Novice: 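Quick one: the structure is below, questions incoming.
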Amino acid sequence: MANIFTSLKGAYSLFKHLDFDKLEALSKKVDIPKMVETISNLDEKQLSGMMKMAGGNRKERELPPIEGDFYHLGDEALKDEERALQLKVRAFLEKEVKPIVNDYWNKAEFPFEIIPKLAELNICGLTYKGYGCPGKSNLMEGILAMEMARIDTSISTFFGVQSGLAMGSIYLCGSEEQKQQWLPLMQQFKIIGAFGLTEPEVGSAAAGGLTTTCKKFGDKWVLNGQKKWIGNATFADILIIWARDIDDNEVKGFIVKKDNPGFAVEKMKDKMALRIVQNGIITLTNCEVFEVDRLQNANSFKDTAKVLRMTRAGVAWQAVGCARGAYENALEYTRTRKQFGKPIASFQLIQNHLVEMLSNLTAMQTLCFRLSQLQDQGLLKDEHASLAKVFCSLRTRDVVSKAREVMGGNGILLEYNVARFVADAEAIYSYEGTKEINTLIVGRAITGFSAFV
């Protein structure tokens, strides 16, 4: 009798959970008795597999955090206050820059509204001592360059021109009076700077081939020539212009003001990369600059090279940021994009691409960490910065290419936040010294022979 009641109770429970309308519809498609017999003959492993396919026993999967610093280098290298500054800058970029950057990039315009907010972060001229500058480490500066490029390489480039090339020229090559006059205002973004070295016909040959000239007449210098690809040029208050002295054939630097007679600038258009950066072609026509505005400690290209050595390390970090932004956005996409009923991140070939991207990114990060350590120890040489620039700009190309690939057609749309990185990686590959020039710098260091023509 007990068995009968148990059977009835089980039957009641079964019927209570059955949807008879669905069961009737199913009976028109399949032989239900045969289906029941087939299912009852399955072993536990087969039954478990069938239930997984049907969506049974499915638990919400807790995915790991998206983290481009796979070896946790930042956690190990940064002090608590430095880590806090990194996260503060990251939060600013996520909140203030990321939501607007695609629109400005598409229009090739600059978001001037972020400049006062950048100033509030107090990170401009980060490594300089005195003149209102924070005096932090080169490692900290590199990490912040990476954080900016992780969101947008154009904003990182704008900041690098202001904080690195323009301020750096004055900090390394200016007189004490020039430093006191300009650096505090530039640190607060009250004065915007630019850096004019590259010319329409002279890029890699700048060391000995500048066609922009300068000649001294009494207490004035007269500058003639053109500069090209000059970031911030269209709205900068002062521009560091490098010119060849007609009298001694040496390269000298000048602080040229935007309203200086004989100075004119034209915005470059139709760029496919760094579209937010306002690059300009500068024309100097008998442009007069007083001796007091000549960089007093810039007397040859060797002095110019001091600035480039310092900022080239920053460009390597920018490459890391560009690659990291592409990787993290691609990873997020693959975890949410579904094909064949499941996220494409679960496919073997997609995971292969992601791991290759992460491998390149991690190698770039470890190289740049060591580079900044050498810089902080006063051991940085040209070949160290050049090797980092060569390697990181090459690997960034690989990373952004795979990021676009795993996203399929969506990878070329701005809204998915990878297309910008693909385009901007091409600019990183070329500026601050091409692969070929930086390769020859390293080659000279390791062989003892110069292969420069």
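Values below: all heavy atoms of this structure, side chains included; hydrogens, waters and symmetry mates excluded. Every value quoted in this text rests on a predicted model; they were computed, and no experiment measured them.
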Novice: With a 3.5 Å cut-off and no angle check, do the side chains of Gln187 and Asn122 form a donor-acceptor pair?
Specialist: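 Indeed, the side chains of Gln187 and Asn122 share at least one donor-acceptor pair under 3.5 Å.
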
Novice: Determine whether Asn299 and Lys252 satisfy the following criterion, side chain to side chain donor-acceptor pair (under 3.5 Å), listing intermediate values before the conclusion.
Specialist: CA-CA 5 Å; Asn299 300 305; Lys252 293 179 170 60; 5.6 Å; no

Novice: Charged N to carboxylate O below 4.0 Å: is that the case for Asp398 and Lys402?
Specialist: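 No salt bridge links Asp398 with Lys402.
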
Novice: Could you tell me which non-hydrogen atom of Met357 sits nearest to which non-hydrogen atom of Ala330, and how far apart they are?
Specialist: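 Heavy atoms of Met357 and Ala330 come nearest at CE-CB, 4.0 Å.
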
Novice: Checking Arg397 against Tyr429: charged group under 6.0 Å from the ring centre and within 45 degrees of the axis?
Specialist: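 The answer is yes; both the distance and angle limits are met.
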
Novice: Is it the case that atom CG in Leu379 sees more than 12 heavy atoms from other parts of the structure closer than 6.0 Å?
Specialist: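 Yes, enclosed.
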
Novice: Say you draw a straight line from CD1 of Ile276 to CG of Asp103; how long is it, rounded to the nearest 0.5 Å?
Specialist: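 Rounded to the nearest 0.5 Å, the CD1-CG separation comes out at 9.0 Å.
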
Novice: Give a yes or no on this: more than 12 heavy atoms of other residues, nucleotides or ligands lie within 6.0 Å of atom CD of Glu76.
Specialist: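 Atom CD in Glu76 is not packed in, count stays at 12 or less.
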
Novice: Can a salt bridge be assigned to the pair Asp237 and Lys257 using a cut-off of 4.0 Å between side-chain N and carboxylate O?
Specialist: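 Judged by the 4.0 Å cut-off on N to carboxylate O distance, Asp237 and Lys257 do not form a salt bridge.
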
Novice: In sequence, state the C-alpha distance, the side-chain angles, and the governing distance for Ile170 and Ile238, and then conclude on side-chain contact (heavy atoms from CB on, under 4.5 Å).
Specialist: CA-CA 11 Å; Ile170 297 173; Ile238 62 172; 4.2 Å; yes

Novice: Using a 6.0 Å cut-off, check whether atom NZ of Lys271 has over 12 heavy atoms from anything other than its own residue.
Specialist: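 Above 12, so yes.
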
Novice: Salt-bridged, Glu67 to Arg324, with N to O below 4.0 Å?
Specialist: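 Salt bridge present between Glu67 and Arg324.
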
Novice: So do Val256 and Ile240 actually touch side chain to side chain, heavy atoms under 4.5 Å?
Specialist: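 In short, these two side chains do not touch, never coming nearer than 4.5 Å.
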
Novice: Does the side chain of Gln181 come within less than 4.5 Å of Lys179's, by heavy atoms?
Specialist: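 No; the side chains remain at least 4.5 Å from each other.
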
Novice: For Arg83, is there an ion pair with Asp75 - N to carboxylate O distance below 4.0 angstrom?
Specialist: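 Salt bridge flag = yes for Arg83 with Asp75.
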
Novice: Can you establish whether the number of heavy atoms outside Ile66 located under 6.0 Å from its atom CD1 is more than 12?
Specialist: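 It does: Ile66 CD1 has more than 12 such atoms within range.
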
Novice: Taking the basic N atoms (NZ, or NE/NH1/NH2) and the acidic carboxylate oxygens, is any pair closer than 4.0 Å for Arg90 and Glu94?
Specialist: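 Not counted as a salt bridge, because no side-chain N and carboxylate O are separated by less than 4.0 Å.
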
Novice: Quick one: list whatever passes ring pair (Phe, Tyr, Trp, His ring centres under 6.0 Å) with Tyr416, sequence neighbours left out.
Specialist: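 Only Tyr333 meet the ring pair (Phe, Tyr, Trp, His ring centres under 6.0 Å) criterion with Tyr416.
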
Novice: Rounded at 0.5 Å granularity, tell me how far OG1 in Thr153 sits from CD1 in Ile428.
Specialist: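 Result: 4.5 Å between the selected atoms.
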
Novice: Indicate yes or no: at least one non-hydrogen side-chain atom of Phe452 is less than 4.5 angstrom from one of Ile437.
Specialist: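 Yes, their side chains come closer than 4.5 Å.
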
Novice: Salt bridge or not between Lys228 and Glu199? Use side-chain N to carboxylate O under 4.0 Å.
Specialist: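 Looking at Glu199 together with Lys228, the answer is no, because their closest N to O distance does not fall below 4.0 Å.
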
Novice: Whether the Asn249 and Arg244 side chains hold a donor-acceptor pair (N or O, under 3.5 Å, no angle test) is what I'd like checked.
Specialist: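 Note: Asn249 and Arg244 side chains meet the donor-acceptor criterion.
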
Novice: Compute whether any side-chain donor of one residue and acceptor of the other, for Gln318 and Tyr431, lie under 3.5 angstrom apart.
Specialist: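 On atom types as modelled, these side chains qualify, holding a pair under 3.5 Å.
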
Novice: Do Asn224 and Leu284 touch side chain to side chain, with heavy atoms closer than 4.5 Å?
Specialist: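 Side-chain contact under 4.5 Å: no.
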
Novice: Under 4.0 Å between a side-chain nitrogen and a carboxylate oxygen: does that hold for Lys136 and Glu141?
Specialist: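 Here Lys136 does not pair with Glu141 in a salt bridge, since their nearest N and O are not under 4.0 Å apart.
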
Novice: Side-chain contact test, heavy atoms from C-beta onward, threshold under 4.5 Å: evaluate it for Leu371 versus Asn138 and give yes or no.
Specialist: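 They are not in side-chain contact.
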
Novice: Nearest 0.5 Å, please: how far is OG in Ser175 from CD in Gln178?
Specialist: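 So the gap between those two atoms works out to 3.5 Å.
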
Novice: Taking the six-membered ring for Trp, are Trp229 and Phe195 ring centroids under 6.0 Å apart?
Specialist: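 No, too far apart.
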
Novice: Checking salt bridge (charged side-chain N to carboxylate O under 4.0 Å, His left out) for the pair Glu288/Lys220: CA distance, chi angles, key distance, verdict?
Specialist: CA-CA 6 Å; Glu288 295 185 353; Lys220 292 182 181 179; 3.1 Å; yes

Novice: Show your reasoning for whether salt bridge (charged side-chain N to carboxylate O under 4.0 Å, His left out) applies to Asp245 and Lys215.
Specialist: CA-CA 6 Å; Asp245 189 343; Lys215 183 173 177 60; over 6 Å; no

Novice: Could you go step by step and tell me if Val400 and Tyr327 meet the side-chain contact (heavy atoms from CB on, under 4.5 Å) rule?
Specialist: CA-CA 7 Å; Val400 300; Tyr327 164 75; over 6 Å; no

Novice: Taking ring pair (Phe, Tyr, Trp, His ring centres under 6.0 Å) as the definition, give me every residue that meets it alongside Phe112, ordered by chain and number, with sequence neighbours left out.
Specialist: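 With neighbours one apart ignored, the set is Phe110, Phe235.
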
Novice: Is it the case that Lys267 and Asn279 place a side-chain donor and acceptor less than 3.5 Å from each other?
Specialist: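 Looking only at side-chain atoms, Asn279 and Lys267 do not form any donor-acceptor pair under 3.5 Å.
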
Novice: Within a strict 4.5 Å, meaning less than it, do heavy atoms of the Ile441 and Leu387 side chains meet?
Specialist: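 Sidechains of Leu387 and Ile441: no contact.
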
Novice: Evaluate side-chain contact (heavy atoms from CB on, under 4.5 Å) for Phe301 paired with Leu197, printing each intermediate quantity in order.
Specialist: CA-CA 11 Å; Phe301 191 80; Leu197 176 62; 4.2 Å; yes

Novice: If you take all heavy atoms of Cys392 and Cys368, which pair is closest and at what distance?
Specialist: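 Scanning both residues completely, I find the closest heavy atoms to be SG-SG, 3.7 Å.
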
Novice: Counting only heavy atoms from other residues, nucleotides and ligands, does the tally under 6.0 Å from NZ of Lys107 exceed 12?
Specialist: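 Atom NZ in Lys107 is packed in, count exceeds 12.
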
Novice: Do we see a donor-acceptor contact under 3.5 Å between the side chains of Ser300 and Glu250?
Specialist: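 No.
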
Novice: What pair of heavy atoms forms the shortest contact from Ala323 to Val399, and how long is it?
Specialist: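 Nearest pair, atom of Ala323 first, then Val399: O-CG1, 3.5 Å.
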
Novice: Any side-chain donor paired with an acceptor under 3.5 Å for Asp303 and Asn297?
Specialist: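 Note: Asp303 and Asn297 side chains miss the donor-acceptor criterion.
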
Novice: Between Glu176 and Gln180, do the side chains contain a donor N or O and an acceptor N or O under 3.5 Å apart?
Specialist: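 Indeed, the side chains of Gln180 and Glu176 share at least one donor-acceptor pair under 3.5 Å.
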
Novice: What are the two closest heavy atoms between Arg420 and Asn102, and how far apart are they?
Specialist: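 Nearest heavy atoms, Arg420 then Asn102: NE-OD1, 2.6 Å.
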
Novice: Would you say CD of Glu332 has more than 12 non-hydrogen atoms from neighbouring residues, nucleotides or ligands within 6.0 angstrom?
Specialist: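 Counting other residues, nucleotides and ligands, CD of Glu332 stays at 12 neighbours or fewer.
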
Novice: Are side-chain heavy atoms of Met167 and Leu183 found at a separation under 4.5 Å?
Specialist: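 Side-chain contact under 4.5 Å: yes.
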
Novice: Begin with the C-alpha distance, continue with both residues' side-chain angles, and end with the deciding distance and a verdict on side chain to side chain donor-acceptor pair (under 3.5 Å) for Glu201 and Thr211.
Specialist: CA-CA 8 Å; Glu201 301 300 327; Thr211 61; over 6 Å; no

Novice: Taking all heavy atoms of Gln278 and all of Thr234, pick out the closest pair and write down the distance.
Specialist: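 In terms of heavy atoms, the two residues are closest at CB-OG1, 3.3 Å.
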
Novice: Under the ring pair (Phe, Tyr, Trp, His ring centres under 6.0 Å) test, which residues partner Trp221, sequence neighbours left out?
Specialist: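 With sequence neighbours excluded, Trp221 shows a ring pair (Phe, Tyr, Trp, His ring centres under 6.0 Å) to Phe254, given in chain and number order.
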
Novice: Quick one, Lys381 and Leu374 - any side-chain contact, counting heavy atoms below 4.5 Å?
Specialist: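 Lys381 vs Leu374: side chains apart.
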
Novice: When rounded to the nearest 0.5 angstrom, what distance separates CD1 in Ile241 from CG in Asn260?
Specialist: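 Separation between the atoms: 10.0 Å.
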
Novice: Show, in sequence, the C-alpha distance, side-chain angles and deciding distance for Phe391 and Met364, and conclude whether the side-chain contact (heavy atoms from CB on, under 4.5 Å) test is met.
Specialist: CA-CA 7 Å; Phe391 181 80; Met364 292 160 61; 4.0 Å; yes

Novice: Would you say CG of Asp219 has more than 12 non-hydrogen atoms from neighbouring residues, nucleotides or ligands within 6.0 angstrom?
Specialist: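 It does: Asp219 CG has more than 12 such atoms within range.
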
Novice: What closest approach, in Å, do Gln162 and Cys124 show between heavy atoms, and which atom pair accounts for it?
Specialist: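 Of all heavy-atom pairs spanning Gln162 and Cys124, the closest is CG-SG, 3.7 Å.
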
Novice: Given Ser372 and Trp317, is the side chain to side chain donor-acceptor pair (under 3.5 Å) satisfied, shown in steps?
Specialist: CA-CA 9 Å; Ser372 290; Trp317 274 109; 2.8 Å; yes

Novice: Taking only Lys NZ, Arg NE, NH1 and NH2, and the carboxylate oxygens of Asp or Glu, determine whether Glu291 and Arg294 approach each other closer than 4.0 Å.
Specialist: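 A salt bridge is present here (some side-chain N lies under 4.0 Å from a carboxylate O).
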
